[in-house]
Amino acid sequence: METEKIQRLPRARRSTKSKRQSSEQQIQYTQPKPFFRNRLIVQLLSIAAVVLALTMGISIFFKVDTVLVTGAAKHSPHTIVQASGLQPGDSLLFFGRARAAGKIKTALPYVDTVRFELKLPGTVNIIVEEKKLAYALQAADGSWWMMTSDGMIAEKIDAVTADSSPVIEGVIIQKPQVGEYAKAAEQSSGDTGIATAKDRLAAAVKILGQLEKWELFSPGTRLDVSDLFALRLYCGPDHRVELGDSADMEAKIMTVKYTLPQLDGRGGVLKLTYNETEQKWEVIYQPWSQG
């Protein structure tokens, strides 16, 4: 048995060696090809030239030729285009809509929303929506100004224009600047506690926002915020609305909006009262003779 083991061992070793030699003979080494640096540079330059040509072509094709303005009434189209900073020849590829809209709204207080419509190859239409509501109010120096429904000073006006405009009474503003929000001026020692001029101005802005939302607006409209607990809205010469305090103003204005057409042109006093049973605001109407 031992003799057989000794004889088999050399055979196994010879067999392993022959297999190793045959596998080594099958391996072939190939010399790597030389790296052509110039060829790579030429290819990169070619790609860059194609990209540059496409970019220049697109820039020329998408340049601004015409700028239109839609929806402007209080501001001229020329003024809106100037405020946007957009000029013929500018590239549409680098046109920042948000930035241009911000410039327009900052420079022109009557503008509420701005959007842009692109008509290829080179027309830009600036579509604006202007604020519908603006009231005249007086400054501490006696000058008159127009304030939009969000409390922003829109423009300076003369006394004649103020007489024919909707007016806010009971609050005076100080140092107004176009494009900035109005600031109330404290006038007397009576402006203390909860009845400050700032509070009255805030109440006016709150009411104006609801008047614009419900489109309850006429040239003869007048708003009196002298007493925060007895706010009055004059809808032209025919109706005086007793709003009470500034709470739940949206529901109050909505109620007035749907009540006025039911009066069939009858003038008088409309007093808002809350119906606890039905949990809604109602209007008590009184003719001028009884109001």
Side-chain angles (χ1 to χ4, degrees), residues 131-154 157 159-174 176 181-257 259-260 263 267-274 281 283-291:
K131 297 171 183 175
K132 301 176 182 178
L133 191 58
Y135 272 55
L137 71 171
Q138 199 168 21
D141 61 0
S143 60
W144 285 91
W145 301 77
M146 294 297 291
M147 185 182 77
T148 58
S149 59
D150 57 357
M152 184 173 289
I153 301 298
I157 59 176
V160 176
T161 305
D163 287 339
S164 59
S165 302
V167 178
I168 297 176
E169 298 176 345
V171 63
I172 301 294
I173 56 176
Q174 61 177 348
Y181 289 102
K183 298 178 182 178
E186 302 294 344
Q187 293 181 276
S188 66
S189 58
D191 289 336
T192 59
I194 60 175
T196 64
K198 182 179 179 180
D199 292 334
R200 293 199 299 271
L201 179 60
V205 172
K206 183 177 182 179
I207 296 172
L208 293 185
Q210 294 304 322
L211 292 179
E212 183 164 2
K213 178 178 180 179
W214 293 98
E215 298 183 348
L216 188 60
F217 173 77
S218 63
T221 302
R222 185 160 51 97
L223 176 62
D224 187 353
V225 294
S226 302
D227 188 343
L228 286 178
F229 298 96
L231 299 168
R232 289 184 172 183
L233 174 66
Y234 295 85
C235 298
D238 297 327
H239 303 99
R240 186 183 78 212
V241 182
E242 304 287 349
L243 294 170
D245 59 23
S246 60
D248 208 12
M249 190 55 63
E250 181 175 5
K252 292 178 180 178
I253 297 300
M254 180 185 65
T255 302
V256 174
K257 168 73 174 182
T259 300
L260 287 176
L263 298 178
V269 179
L270 283 69
K271 184 176 181 180
L272 271 296
T273 181
Y274 190 72
W281 287 96
V283 172
I284 297 177
Y285 168 73
Q286 292 179 336
W288 286 118
S289 57
Q290 301 177 14

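Both backbone and side-chain heavy atoms feed into the values below; hydrogens, waters and symmetry mates do not.
Geometric assessment of K252 against the ring of W281 yields a positive cation-pi assignment under the 6.0 Å and 45° thresholds.
For D238, the side-chain hydrogen bond (donor to acceptor under 3.5 Å, both in side chains) criterion is met by no residue, not counting sequence neighbours. For Q174, there are no side-chain hydrogen bond (donor to acceptor under 3.5 Å, both in side chains) partners, not counting sequence neighbours. Among residues two or more places apart in sequence or in another chain, the salt bridge (Lys or Arg N to Asp or Glu O under 4.0 Å) test is passed with K198 by none. Y285 pairs by the side-chain contact (heavy atoms from CB on, under 4.5 Å) definition with L263, R266, L270, P287, not counting sequence neighbours.
The minimum heavy-atom distance linking G151 with V205 is given by the pair CA-CG2, 3.9 Å. Here the closest heavy-atom approach between residue A136 and residue S165 is recorded as CB-CB, 4.2 Å. Pairing each heavy atom of E215 with each of K257, the nearest pair is O-NZ, 3.5 Å. Between A162 and V167, the shortest heavy-atom contact is O-CG2, 3.7 Å.
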Show every donor-acceptor pair shorter than 3.5 Å between a side-chain atom in residues 138-146 and any protein atom, with sequence neighbours excluded, or say none if there are none.
{"residue": "Q138", "atom": "NE2", "partner": "G142", "partner atom": "O", "Å": "3.1"}
{"residue": "D141", "atom": "OD1", "partner": "S143", "partner atom": "N", "Å": "3.1"}
{"residue": "D141", "atom": "OD1", "partner": "S143", "partner atom": "OG", "Å": "2.7"}
{"residue": "S143", "atom": "OG", "partner": "W145", "partner atom": "NE1", "Å": "2.8"}

Would you mind writing out the side-chain donor-acceptor pairs for residues 219-230 within the sub-3.5 Å range, not counting sequence neighbours?
{"residue": "T221", "atom": "OG1", "partner": "S218", "partner atom": "N", "Å": "3.0"}
{"residue": "T221", "atom": "OG1", "partner": "S218", "partner atom": "O", "Å": "2.7"}
{"residue": "T221", "atom": "OG1", "partner": "S218", "partner atom": "OG", "Å": "3.0"}
{"residue": "R222", "atom": "NH1", "partner": "E169", "partner atom": "OE1", "Å": "3.1"}
{"residue": "R222", "atom": "NH1", "partner": "E169", "partner atom": "OE2", "Å": "3.2"}
{"residue": "D224", "atom": "OD1", "partner": "S226", "partner atom": "N", "Å": "3.0"}
{"residue": "D224", "atom": "OD1", "partner": "S226", "partner atom": "OG", "Å": "2.6"}
{"residue": "D227", "atom": "OD1", "partner": "F229", "partner atom": "N", "Å": "2.9"}

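Side-chain atoms of W288 and V269, non-hydrogen and from C-beta on, do get closer than 4.5 Å to each other.
Comment: K213 engages E250 in a salt bridge, judged by a side-chain N to carboxylate O separation of less than 4.0 angstrom.
The CG atom of L216 sits 5.5 Å away from atom CG of L211, with the distance rounded to the nearest 0.5 Å. Rounding to the nearest 0.5 angstrom, the gap separating the CD1 atom in I253 from the NZ atom in K206 is 10.5 Å.
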